[in-house]
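Following: one structure in structure tokens, then a few remarks.
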Amino acid sequence: MIGRPRSPRSSGGTPRVRHTVLGALAGIAALLATGVTAAPASAAPEPGVMAPSAQRSALDFWTPQRMRAATPLDILSVDRSDVRASAPRKGRTTVVAPSAPVSDLGPLAIPHGGGPWSGGGAVAKTAGRVFFTYQGRTASCSGNAVTSANKSTVITAGHCVKMQGAWHTNWVFVPGYHDGQRPYGTWAASKTLSTPQWTASEDINYDIGAAVVASLDGKQLTDVVGGQGLAFNTGYNKPMYSFGFPAAAPYDGEKFIYCSGTTFRDFLLSSDHGLTCNMTGGSSGGPWFTQFDEATGTGLQSSVNSFKYNFLPNAMYGPYFGADAQNLYQSAQSS
């Protein structure tokens, strides 16, 4: 999951990510997620829309055996010469309340560098694994159901819906996944989206994705599992909790893992939040929460697991939820 380093050189271009197919753990930085290869030159530039037939095919495709076999393969490097720490566009502070009330208890287990979540609560239902295929490979990420007008919106990482111009196929969300079990069913995406900056040039500062999932057995997603709240433009250096389903060693993707601590702002290649956390590939797209209440398992989603630097293996980074993240959420919930 770690990319090879490139020779540093000055660059005056806009922030973007240069990708190279990798097969070894070496280099300057890498996104935490599934393996990918070069995208077709004719890949669609717009977010993918899955027809009902494609949704049914995705549900049929993801057997328990394929889910267990899905692995986070080595993915692509971030080139220092092509990335500048541009600040995400800011906007007005906005909070979307979760479907369950947030208490005033505040953080109870900070800091925690990574381990199984045993607290239960809403997060054990709203968070789940994401499965998809990319050029024939079966792969996994993480995601989270949020409060939304369509009751069908999942937030994840940008590279968990699109990589190098190719939108992933057979995309499904399994909330509450554990030990091969799917207690709340498998939800096929009817549409996947990302920020304009990730869609156009895969800018690491905007590695945020969303999916709108189709109804299942006549029910909408958050009517079944609930929805977490969201917070946009709320600043840095916050107590946060991060969750995901890491599938690379020492984890196996079968357990729900969390980290917690006070975040810091990345001072290297991005404008992301940083958090001490040992989660590995497969945790990409898992939610970060502010105002997280361990008693109820509810909070305000403020980022997602995005990438790590190889020389800082115990630090996770997640994009700042600014104006473009808020616009993505609005586009998803109105779809």
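Positions are given from 1, in the same order as the sequence printed here.
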*Applying side chain to side chain contact (heavy atoms under 4.5 Å, CB included), run through Val304 and Phe321 and close with a yes or a no.*
CA-CA 9 Å; Val304 296; Phe321 271 23; 4.3 Å; yes
_Would His273 and Ser303 count as a side chain to side chain contact (heavy atoms under 4.5 Å, CB included) here? Give the steps._
CA-CA 8 Å; His273 301 284; Ser303 188; 4.1 Å; yes
_Please determine whether side chain to side chain contact (heavy atoms under 4.5 Å, CB included) holds for the pair Leu221 and Val154, giving the CA-CA distance in whole Å, both sets of side-chain angles, and the decisive distance to 0.1 Å._
CA-CA 9 Å; Leu221 175 64; Val154 176; 3.6 Å; yes
*Report the C-alpha distance between Phe132 and Cys141 in whole Å, list the side-chain angles of each, state the deciding distance to 0.1 Å, and finish with yes or no for side chain to side chain contact (heavy atoms under 4.5 Å, CB included).*
CA-CA 8 Å; Phe132 54 87; Cys141 275; 3.9 Å; yes
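Thr298 and Asp293 share no donor-acceptor pair across their side chains, judged by distance under 3.5 Å alone. Remark: the Ser335 side chain and the Asn150 side chain contain no N/O donor-acceptor pair separated by less than 3.5 Å.
Residues satisfying the side-chain contact (heavy atoms from CB on, under 4.5 Å) test with Asn170, not counting sequence neighbours, are Ala58, Phe61, Trp62, Thr133. Residues that satisfy the side-chain contact (heavy atoms from CB on, under 4.5 Å) test with Leu312, not counting sequence neighbours, are Leu268, Tyr309, Ala315, Tyr317. In terms of the side-chain contact (heavy atoms from CB on, under 4.5 Å) criterion, residue partners of Ala332 (sequence neighbours excluded) are, by chain and number, Thr153, Leu193, Ala210, Val212. Shown here are the side-chain hydrogen bond (donor to acceptor under 3.5 Å, both in side chains) partners of Thr195, two or more places apart in sequence or in another chain: there are none. In this structure Phe173 satisfies the ring pair (Phe, Tyr, Trp, His ring centres under 6.0 Å) test with no other residue, sequence neighbours excluded. Listed by chain and number, the residues in a side-chain contact (heavy atoms from CB on, under 4.5 Å) with Ser142 are Phe245 (sequence neighbours excluded).
A salt bridge (Lys or Arg N to Asp or Glu O under 4.0 Å) check over residues 254-263, counting only residues at least two apart or in different chains, returns the pairs Arg68-Glu254, Arg129-Glu254, Asp179-Lys255. Sorted by first and then second residue, the disulfide (SG to SG under 2.5 Å) pairs involving residues 224-335 (not counting sequence neighbours) are Cys259-Cys277. Every pair tested for salt bridge (Lys or Arg N to Asp or Glu O under 4.0 Å) that includes a residue from residues 228-241 fails, sequence neighbours excluded, so the list is empty. Contacts classified as salt bridge (Lys or Arg N to Asp or Glu O under 4.0 Å) and involving residues 208-225 (residues at least two apart or in different chains) are given here: Lys151-Asp223. Residue pairs meeting the disulfide (SG to SG under 2.5 Å) criterion with at least one partner in residues 219-254, sequence neighbours excluded, are absent. Note on residues 287-335: no pairs pass disulfide (SG to SG under 2.5 Å), not counting sequence neighbours.
Put simply, the side chain of Trp198 gets close to the backbone of Lys162: a donor and an acceptor are under 3.5 Å apart. One N or O on the side chain of Ser194 and one on the backbone of Ile208 form a donor-acceptor pair closer than 3.5 Å. His168 places a side-chain N or O within donor-acceptor distance of the main-chain N or O of His159, the cut-off being under 3.5 Å. Without hydrogens or angle criteria, Asn205 side chain to Ser271 main chain gives a donor-acceptor distance under 3.5 Å. Side-chain N or O atoms of Trp167 include none that pairs as donor or acceptor with a backbone N or O of Val49 at under 3.5 Å.
A ring-ring contact (aromatic ring centres under 6.0 Å, His included) with His112 is found for one member of Trp117, Phe292, Tyr258 and no other, namely Tyr258.
Looking at Ile257 and Ser283, their side chains never come closer than 4.5 Å, going by heavy atoms from C-beta outward. Counting heavy atoms from C-beta outward, Met316 and Trp288 have side chains that approach closer than 4.5 Å. With contacts defined as side-chain heavy-atom distances shorter than 4.5 Å, the pair Phe256/Val123 qualifies. At a threshold of 4.5 Å between non-hydrogen side-chain atoms, the residues Tyr206 and Thr199 do not count as touching. Two residues are said to be in side-chain contact when any heavy atoms from C-beta on lie closer than 4.5 Å; Phe289 and Asn144 meet this criterion. Contact check for Ile155 versus Pro287: no side-chain heavy atoms found under the 4.5 Å cut-off. Phe131 places none of its side-chain heavy atoms less than 4.5 Å from the side chain of Thr186. With contacts defined as side-chain heavy-atom distances shorter than 4.5 Å, the pair Met50/Thr169 does not qualify.
Shortest non-hydrogen contact noted between Gln220 and Ser215 is NE2-CB, 3.5 Å. Taking all atoms of both residues into account, the shortest heavy-atom contact from Phe307 to Asp266 is CZ-OD2, 4.0 Å. The two atoms that bring Val146 and Tyr329 nearest to each other are CG2-CE1, 4.0 Å, heavy atoms only. Residues Ala247 and Thr280 come closest through the heavy atom pair N-OG1, 4.1 Å. The two residues Ser302 and Met240 come nearest to each other via the heavy atoms CB-CE, 4.0 Å. The two atoms that bring Lys308 and Asn314 nearest to each other are NZ-CA, 4.4 Å, heavy atoms only.
From Arg66, atom CZ reaches atom CG of Asp60 across 10.0 Å, with rounding to the nearest 0.5 Å. Of the inter-residue distances, the one linking Gln291 atom CD with Tyr241 atom OH reads 12.5 Å to the nearest 0.5 angstrom. Taking CD of Gln333 as the start and OG1 of Thr147 as the end, the distance is 9.5 Å to the nearest 0.5 Å. One finds the CG atom of Asp272 at 5.5 Å from the OG atom of Ser306 (value rounded to the nearest 0.5 Å). Ile204 CD1 to Leu269 CG: the interatomic distance, rounded to the nearest 0.5 Å, is 9.0 Å. Here the CD-OG distance, from Gln228 to Ser148, works out to 12.5 Å after rounding to the nearest 0.5 Å.
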